[in-house]
Amino acid sequence: MSSSAPGWFGDFGGQFVPETLIPALDELTEAWAEARDDPSFRRDLEESLADYVGRPTPLYRASRLGADLGLELWLKREDLNHTGAHKINNTMGQALLARRMNKARIIAETGAGQHGVAAATACAVLDFECAVYMGEEDMRRQALNVERMELLGAEVIPVSSGSRTLKDATNEAIRDWVTNVDTTHYIIGSVVGPAPYPGLVRDFQRVIGDETVRQLAERGVAPDTLFACVGGGSNAIGIFAPFIESNRERDAGDRVELVGIEAAGHGLETGRHSASLTAGEPGVLHGNYSYLLQDADGQLIPAHSVSAGLDYPGVGPEHAWLKETGQVRYESVTDDEALAAFQDLCRLEGLIPALESAHALAGLRREAARWAGRNVVICLSGRGDKDVEEVARLLDPGGTS
Ligand SMILES: *Cc1c(COP(=O)(O)O)cnc(C)c1O
């Protein structure tokens, strides 16, 4: 396949899957191509996002933290979505698409459980049978999200193979899909997986960026830079997408600088991190060719981050291409830097962010001097209620909490 073929981003992306899945991927590609231009689908999606998810989310001027950093700070409040993060934008979109494709059943993989909860939510409201694959180790660590999914009517299927975490759950979900593809749609949770998923999930998350463009224009604000955290990369690509397009029309000096922040965990030098783009190498994982964490023999290295949502050894292929073409800059911050930024936002703005989102704040903090007096937008991808216990434990390791 040539690199300009659909589903490729330069040399990255593609469909590295068993032959039996190709017809399902083709069906999905076609269904999306038709749905995206169909006014009745667009109307259903917009209505769901407005009345159920709670969009548009506000663009909030964070003046206290902005003053502390010496710049004009704008937070895109994805934390205010139903279920507490941007993931529902994608699960509602894909579930509506599955309904259009006459599927009766939806499956999903989940690590920390956030995507599983967002998928189970969409399945409850749109009346799908739902099965969520989750590693046994993750089920133990995220018992509350297992309860949530079950309350929402989903079946949580324990995965006991391998390290019993996200990568193993993904393999099992793919196996289920191969077997039940006639009746079942597989909702992938980020801009990863085989084509068409990376582009499909980006299209559903692009609403973040489109709203941001409109909200900045309404205030007469021209942004200088945007920061977003990158796990698989869906909230980042969602807010970046319209700016990537408009940057292509602009002279180098007028572009909005786009910065993706990965999780450096304990530090890149320790090898215990999730920084696939800043410290990984290209390879194939979960159906696509992109950057990932691997050793000299090509063996996958387990990812680490204080935030479960960034704890993934790969990254979406479009990000790999955006990095290689210099359209987005990627940096990484450590667990400790993210924890400090987490506390800043709590104390100065009364907002408890997801630990994932705190990475974007920490990335800005590190280079705040460079942006003095300028307009900075951060994608606040989710709220941090889920992280409160973990943060309390980390800040008071000897304590009783
Ligand atoms: C899952 C998650 C992320 C990471 O996923 P992306 O696909 O990189 O956006 C970031 N923030 C929150 C709040 C999440 O739940």
Side-chain angles (χ1 to χ4, degrees), residues 6-7 9 12-18 21-22 24-29 31-32 35 83 85-98 101 103 105-123 128 130-135 138 149 154 157 159 165-178 180-181 184-206 230-238 276 284-290 292 308-320 381:
F9 306 93
F12 300 101
Q15 292 180 331
F16 295 83
V17 295
L21 272 185
I22 299 290
L25 295 171
D26 288 347
E27 184 195 6
L28 183 59
T29 306
W32 176 231
T83 69
H86 66 292
K87 287 196 170 74
I88 190 97
N89 301 328
N90 170 48
T91 58
M92 287 302 291
Q94 285 201 48
L96 285 168
L97 190 58
M101 295 166 75
K103 306 287 182 183
R105 177 172 178 264
I106 279 175
I107 57 171
E109 83 296 341
T110 200
Q114 291 151 248
H115 171 57
V117 169
T121 301
C123 288
F128 284 100
C130 179
V132 180
Y133 286 88
M134 190 169 188
D138 287 333
M149 288 183 267
I157 303 178
V159 174
T165 58
L166 177 60
K167 139 181 104 46
D168 314 291
T170 305
N171 291 336
E172 286 305 314
I174 292 173
R175 205 160 297 158
D176 179 318
W177 200 33
V178 172
N180 301 299
V181 69
T184 299
H185 174 64
Y186 175 24
I187 301 190
I188 292 184
S190 188
V191 285
V192 298
Y197 282 103
L200 176 71
V201 177
R202 174 204 59 215
D203 290 348
F204 284 130
Q205 293 294 358
R206 185 190 162 120
V230 176
S234 69
N235 85 92
I237 215 107
S276 329
V284 170
L285 176 67
H286 295 145
N288 72 89
Y289 181 71
S290 182
L292 47 94
L310 301 183
D311 196 342
Y312 178 66
V315 66
E318 190 169 5
H319 283 288
S381 54

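For reference, positions follow the sequence shown, starting with 1. Every heavy atom of this structure was used, including side-chain atoms; hydrogens, water molecules and symmetry mates were not.
The main-chain N or O of S190 is never found under 3.5 Å from a side-chain atom of S234 such that the two would form a donor-acceptor pair. In this structure, the side chain of N89 engages the main chain of H86 through a donor-acceptor pair within 3.5 Å.
Contact of the L200 side chain with the L97 side chain is registered, since non-hydrogen atoms from C-beta on lie closer than 4.5 Å. Taking 4.5 Å as the limit, every side-chain heavy atom of Y186 sits out of range of all side-chain heavy atoms of D176. Here the side chains of V17 and V178 are not in contact, with every heavy-atom distance at 4.5 Å or above. Between N171 and Y133 there is no side-chain heavy-atom pair separated by less than 4.5 Å. The shortest distance between side-chain heavy atoms of E318 and V191 does not fall below 4.5 Å.
Taking each heavy atom of G231 and V315 in turn, the nearest pair found is O-CG2, 3.7 Å. Annotation for A119 and T91: closest pair N-CG2, 3.6 Å, computed over non-hydrogen atoms. Heavy atoms only, all atoms of each residue included: P196 and Q15 are closest at N-NE2, 4.4 Å. Among all heavy-atom pairs drawn from A95 and A122, the shortest one is CB-CB, 4.0 Å. For the residue pair A120 and C130, the shortest heavy atom distance occurs at CA-SG, 4.0 Å. Listed here is the closest heavy atom pair of A173 and I107: O-CD1, 3.3 Å.
Residue pairs meeting the salt bridge (charged side-chain N to carboxylate O under 4.0 Å, His left out) criterion with at least one partner in residues 107-123, sequence neighbours excluded, do not occur; the list is empty.
In this structure, CD on Q94 lies 7.5 Å from CD1 on I188, to the nearest 0.5 angstrom. The CH2 atom of W177 sits 12.5 Å away from the CZ atom of R105 when rounded to the nearest 0.5 Å. Note that the CD1 atom of I157 and the OG1 atom of T110 stand 13.0 Å from one another [nearest 0.5 Å].
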Please lay out, stage by stage, how L28 and M101 fare under the test side-chain contact (heavy atoms from CB on, under 4.5 Å). CA-CA 8 Å; L28 183 59; M101 295 166 75; 3.9 Å; yes
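With sequence neighbours left out, the ring pair (Phe, Tyr, Trp, His ring centres under 6.0 Å) criterion links F204 to W32. Applying the ring pair (Phe, Tyr, Trp, His ring centres under 6.0 Å) test to F12 and every residue at least two apart in sequence or in another chain returns Y289, Y291. Residues satisfying the side chain to side chain contact (heavy atoms under 4.5 Å, CB included) criterion with A98, sequence neighbours excluded, are K103, I106, F128, H185. For L292, the side chain to side chain contact (heavy atoms under 4.5 Å, CB included) criterion is met by L285, Q294, L300, not counting sequence neighbours. The side chain to side chain contact (heavy atoms under 4.5 Å, CB included) test applied to D26 returns I22, not counting sequence neighbours.
For the residue pair Y312 / H286, a side-chain donor-acceptor distance below 3.5 Å is found, with atom types taken as modelled. Between the side chains of Q205 and N90, no donor-acceptor pair of N or O atoms lies under 3.5 Å. In summary, the side chains of H319 and S290 do not present any donor paired with an acceptor at a separation below 3.5 Å, with no hydrogens or angles considered.
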